[in-house]
There are 2 protein chains.
Amino acid sequence: MSDNNYSTNNQHQGNDKLFSTENSTQNSEPVSQNSDKRCSKGLLPSSCNTCSLSNLCLPIAVTQNDISQLEDIIKQGKIIDRGEHIFSEHTPFRSCFAVRSGSIKTYVVSEEGEEQVTGFYLPGEIIGMDSMNTDAYSCSAKALEKSSVCEIPFDRFETLATQIPTLQHHFFQLMSKEIKESRQLSMLLSKNTAEERIASLLLSLSERFKRRKLSPTQFRLPMPRNDIGNYLGLAVETVSRVFTRFQKSGLITVQGREVTINDLDKLKDMLKHQTKCLS
Amino acid sequence: MSDNNYSTNNQHQGNDKLFSTENSTQNSEPVSQNSDKRCSKGLLPSSCNTCSLSNLCLPIAVTQNDISQLEDIIKQGKIIDRGEHIFSEHTPFRSCFAVRSGSIKTYVVSEEGEEQVTGFYLPGEIIGMDSMNTDAYSCSAKALEKSSVCEIPFDRFETLATQIPTLQHHFFQLMSKEIKESRQLSMLLSKNTAEERIASLLLSLSERFKRRKLSPTQFRLPMPRNDIGNYLGLAVETVSRVFTRFQKSGLITVQGREVTINDLDKLKDMLKHQTKCLS
DNA sequence: CGTCAAGTTGACTAATCTCAAAGAGCGTGG
DNA sequence: CCACGCTCTTTGAGATTAGTCAACTTGACG
C-alpha cells in the first residue's frame, strides 16, 4: 500500500504542522495563541491564492481579480482554541466561516439543555450555511481542537456574489451539496444499523482526508465517541461496541482515536445496499 | 373552534377547486389533461403576481418589474398526473420546480432498487435545490396526486439572480431553510421515538397547511402510510400502530387519510423536549 | 501519583422490526 | 351500479437491535 506516502495527520490536536506545507504564507496557527487574533488585512498577507484549501472552498473559475475582491471581505485565519465557540445558536447571524485547520462541531441545545450534534467540519468546509435565512445562527459551532477559520461576512459576500456570477454559482453549489449531505445523513439514520452508520462515518472521514491529500486509511478521529454517538443517533456504548466488533473482525484497527482502516473495500461493501453514504 | 371557517382541503385528489379561488387568471389545472402541457408565454397569461403562493416561493421585496422578468423565464402550470415524474434521479439537471398545487414526493433508489423517500413538497415549496451542484438530479420527484408545477430553468435563473439581488438573497434563504429542515429531520430520526416522529410530521403538515390559509387541524394526508414510514425511518406497521394509539388517546381522529388534530397543544408538547420539529 | 474524563464491557430491558394474515377502500370494467 | 381485484391499512405474535444502568479500565494531565 502506498498510504505511507501521505503526510501523517494524527499529531496531537492543534498542531499546525498539518498545514505548514500547505500555506506558504505565515498564516498558520502558531503565531499567536490569542484566540481572538485576526489577521487584519495587510498585516499578515495571508492569501486565498496560496491556500491549499481554495479548491475546496473557493470557486475554481474565479479569476485573480475576483480572488482579491474576496480577500478584501474575508477575515482570514482567526484562531479558535479547543472548546471555544465560533458562534452560538440564537446570536445574530453575520458570517459564514470556512474551516482552515482543525475541526469544528456544530450542535443545537434542546430546552432541557440536551445537546444534539448536527455536524463535523474539517478544513476546506464551510459552516453557517444553515443560518442564512434567519437573523440568528441556528446552531452553535465549537472547536473540537485548536482550529483556525476564515470569516465570510455575509452581507458583503452577497453583494460580491451579485457582481461575480461564478461566485454566486459556486455558493449555490456549496449549499446544494450541504442539502444533499444532510439528506444523506437522514437516510443513514432512518434505515441503517449501528454498524452501517459508523462505517459510513468512517468512510466519510476517509474521503474528506483524502481530498486534502492526507491518508484515507489512517487518521485520528477529531471527535470523542460521545459526539459520534450523538451525531449518529447511537448510545456511546453502542459506538464503543461497534468499534470493538470492527476491530475484532479485522476491518479496522483502533487505538483510542487513532483509526486504521484495514479493508476499505469491505467497509464500502457494508454500505453497498444503500442509496448513498455520508460525504 | 373557528377551524370551520377554513376552506376544506380534503377533496379527492387532483381537484383543482383548491386553487380556483386563488388564481384569478386561468392557469389552474382543468384546462388540459395533457401532462406535457405548458403555458407558453403569451397564450395563457398566468402570472406570479396573482398567484396566492407567491409570498411563499417569491421574494417579498421583488418589484413589479422584477416579477415580469421572472415570469419570462418561468414556465408556469405544468400538469403532472398522479404517479408521474417531474424529474428522475441521474437525468440532467435543468430546472428547479415550484409546486403550485397537489403534492410531490422526492425519493432516491438504492442499488437493490429499494426506495427511500427524501421529502414531501406542498404548494409554494420548491423542488430540486439539492441537485444544483451536479449535472444530474440527485433524486426523483413524483406526484402523489394530480399536481401542477412551475418550472424554473436554472441557468436563466442564475443569470437573473445576479441582476436582482433580492432574488439571489431570497434563493439563498430558501436553500438555507432547506438545509435547516433537513438537519431537523436528521435530528428527529436520530433521537426520537416513533410517536414523536409522527407527531412531528403531523405538526409540520399542519403548519404548512396553515401557511396556505387552510385548516391546520383538519386535512388529508397526501401520502400513503408506506411513504410516511419510509420517510420517517419506521415500518409501515409502526406508523399504523401509532396512528391507532393517537386516536385511542383522543389526540387525533383518523379515517384513512383524513386527519383531525383534536389537541394541537398536546401534540406540540410531545416535542417539547426536542430541539426542533420538522417544518 | 491521584483525579477526572473518556472509553469499554456485561446484563438486562424496551422499542421497533419482521412475518403473517385479515380487513378496508378505491378504481375499473362489466 | 355493483363486483372484482388491487393496493393500502390494520392487528397480532415473536424476534432482534440498540438503549439503559452499572461497574470497571484506560489515558491525559497537573
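Here the structure is a predicted model, which means the values were calculated and not measured. Below, chain A is the first sequence line, B the second, and so on; all start at residue 1.
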Gap between atoms [atom1] and [atom2], on [X] and [N] respectively (whole Å):
X	N	atom1	atom2	answer
B:F243	D:dT11	CZ	C1'	16 Å
A:R197	D:dT17	CZ	C1'	10 Å
B:N230	D:dT9	CG	P	13 Å
A:R245	C:dG10	CZ	P	12 Å
B:R82	D:dC6	CZ	P	16 Å
A:K248	C:dT8	NZ	P	11 Å
B:E237	C:dG23	CD	P	17 Å
B:K191	C:dT16	NZ	P	15 Å

Name the closest nucleotide to the [X] side chain, picking from [options].
X	options	value
A:R257	D:dT10, C:dA6, C:dT9	C:dA6
B:A194	C:dT16, D:dA18, D:dC8	C:dT16
B:L234	C:dT16, D:dT11, C:dG7	C:dT16

Notebook entry, point to check: If you measure from the Lys or Arg side-chain nitrogens to the Asp or Glu carboxylate oxygens, is any gap between A:K180 and B:D130 under 4.0 Å?
Noted result: no
Taking only the side-chain nitrogens and oxygens of [X], find out if one of them lies under 4.0 Å from OP1 or OP2 of [N].
X	N	value
A:R225	C:dA6	no
A:T238	D:dG19	yes
B:T193	C:dA15	no
A:S240	C:dT9	no

Item checked: D:dT20 base / A:R241 side chain donor-acceptor hit below 3.5 Å -> yes
Next item on the list: Report yes if the side chains of B:L232 and B:V239 come closer than 4.5 Å at any heavy-atom pair, otherwise no.
Entry: no
Check: Is the gap between the ring centers of A:F87 and A:F97 under 6.0 Å?
Finding: yes
Next item on the list: Check whether NZ of the Lys or CZ of the Arg A:K248 lies under 6.0 Å from the centre of the six-membered ring of A:F246 and within 45 degrees of that ring's axis.
Entry: no
Notebook entry, point to check: So what does B:G233 touch, heavy atoms closer than 4.0 Å: a base, only the sugar-phosphate, or nothing?
Noted result: sugar-phosphate
Margin query: Test your reading of the model: is there a side-chain donor-acceptor pair from B:S186 to the backbone of B:S182, 3.5 Å cut-off?
Written below: yes
Item checked: Which residue lies more 5' along DNA chain D, comparing A:Q255 with A:A235 via nearest heavy atoms -> A:A235
